[in-house]
Amino acid sequence: MSRFINSRLGQLEEYVPGEQPRDMQYIKLNTNEFPYPPAPAVLERINTDEVAALRLYSDPTVRTLREKIAAHYQTSPENVFVGNGSDEVLNFAFLVFGTDGVRFADITYGFYPVFAALYDLPVAIAPLRQDFTVDPADYIGCGQMVVLASPNAPTGLCLQKADVIKILESNPDHVVVIDEAYVDFGAESMVDLTKTHENLLVVSTFSKSRALAGARVGFGIGDAALIRDLNRIKNTTNPYNINRLSMAAAEAAMDSQSYYDEKIRELKSTREHTKESLREMGFFVTDSLANFLFAAHETIGGQALYEALKNRGILVRHFSAPRIDGFVRITIGTPQQMEILLRQIKEILENGG
Ligand code: PMP
């Protein structure tokens with residue numbers, strides 16, 4: 001750290017992403033990426049013409065992509081904000097709407113506390129129930145910005161629409177952010193509620209179900225006034241926040257819904273098979289509707305399982321936080337990758353670690 005840094009910022013805890021090691025080829029099941037390549041149309045769109053056009057700035061209004069997202073979600077382009085990953089959308093939402101404080105769960109996406117600290121916002125942590133479900137009562141009438149992921153990370157568990165409506169209607173003066181990064185893997189989206197609830201911002205991403213994590217494209221859907229607020233921050237920080245290649249890739253992905261639908265069907269079937277197999281081996285596994293499973297075993301700890309798998313060339317994610325340190329989070333890969341995972345776990349359990 002230099003002696004020039006603002007002293008408050010010098011004390012911030014940084015978000016620690018899942019490891020991206022380069023020492024060897026791992027089966028990478030640790031950052032919830034899609035196991036299949038982007039749709040063929042994405043590769044066709046990133047052609048030499050598009051690369052030549054990098055000479056020019058990208059469209060700061062992200063018009064075409066917003067139109068495609070709006071058409072897919074049956075809303076209007078003025079209800080869509082596009083960010084550099086959904087992390088940027090969340091970042092702006094904390095900055096713009098979090099002044100009265102932010103309320104989120106004890107076990108959820110690890111970036112929420114980081115954004116709250118960055119903007120020095122009061123934080124209220126609402127512990128999940130014993131079974132990792134959300135108690136809606138913790139958020140009803142709380143008088144703060146609410147941030148809930150559905151499916152939640154790392155549990156994969158979802159919110160009920162009736163509960164979201166209660167939370168929205170009891171906090172009319174605060175924004176409720178529903179982070180739907182993983183919604184396409186089987187959960188119910190809350191996007192339709194954005195038409196009736198001016199305080200709802202649904203955040204989603206191209207990183208998971210559209211296989212574009214490296215392109216960094218996310219989006220928020222909400223009332224046009226909320227979207228204008230987010231644009232105000234974008235236009236005072238980085239008006240060209242989506243680069244040309246990523247915009248083209250995301251547009252082509254929006255035109256390839258049937259490709260993604262098919263791959264998502266495959267992934268869901270792999271998830272259910274993997275879940276059953278883990279349960280047969282004595283794991284407790286949550287009923288995740290995301291592209292990952294959250295699993296704990298009665299005889300081997302989370303850290304020990306993570307290390308044993310890493311030694312065998314498979315990366316999963318372990319969190320050392322209280323309540324979940326016995327678990328590992330396993331991204332759903334291809335059927336072949338999951339067969340290797342299951343075989344290795346079986347051997348690890350047989351060898352006692
Ligand atoms: N929300 C949740 C719940 C996540 O797990 C992630 C992925 N780390 C994100 C948002 C951010 O994803 P991205 O910035 O790649 O869109």
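Note that ligands are numbered from 1 as they come in the structure, with each ligand's atoms numbered from 1 the same way.
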- Taking the inter-plane angle between the rings of Tyr182 and Phe292 on a 0 to 90° scale, is it parallel (under 30°), tilted (30 to 60°) or perpendicular (over 60°)? perpendicular
- Task: May I ask you to check whether Tyr119 and Phe94 place their ring centres under 6.0 Å from each other?
- Result: no
- Does the Arg103 side chain pair with the main chain of Asp138, one donor and one acceptor, at a distance under 3.5 Å? yes
- Interatomic distance, Glu78 atom CD to Arg228 atom CZ [nearest 0.5 angstrom]: 8.0 Å
Less than 3.5 Å apart, N/O on ligand 1 and N/O on the protein: could you list those pairs with the distances?
unit_1   : atom_1 : unit_2 : atom_2 : d
ligand 1 : 1 (N)  : Asp179 : OD1    : 3.3
ligand 1 : 1 (N)  : Asp179 : OD2    : 2.6
ligand 1 : 5 (O)  : Tyr182 : OH     : 2.7
ligand 1 : 8 (N)  : Tyr109 : OH     : 3.3
ligand 1 : 12 (O) : Ser86  : OG     : 3.3
ligand 1 : 14 (O) : Ser86  : N      : 3.2
ligand 1 : 14 (O) : Asp87  : N      : 3.0
ligand 1 : 14 (O) : Asp87  : OD2    : 3.3
ligand 1 : 14 (O) : Arg216 : NH2    : 2.7
ligand 1 : 15 (O) : Ser207 : OG     : 2.6
ligand 1 : 15 (O) : Arg216 : NH1    : 2.7
ligand 1 : 15 (O) : Arg216 : NH2    : 3.4
ligand 1 : 16 (O) : Ser86  : N      : 2.7
ligand 1 : 16 (O) : Ser86  : OG     : 2.7
ligand 1 : 16 (O) : Thr205 : OG1    : 2.6
ligand 1 : 16 (O) : Ser207 : OG     : 3.4

- Relative to each other, are the rings of Tyr57 and Tyr240 parallel, tilted or perpendicular (30° and 60° limits)? parallel
- Does any non-hydrogen side-chain atom of Ile332 lie less than 4.5 Å from one of Pro35? no
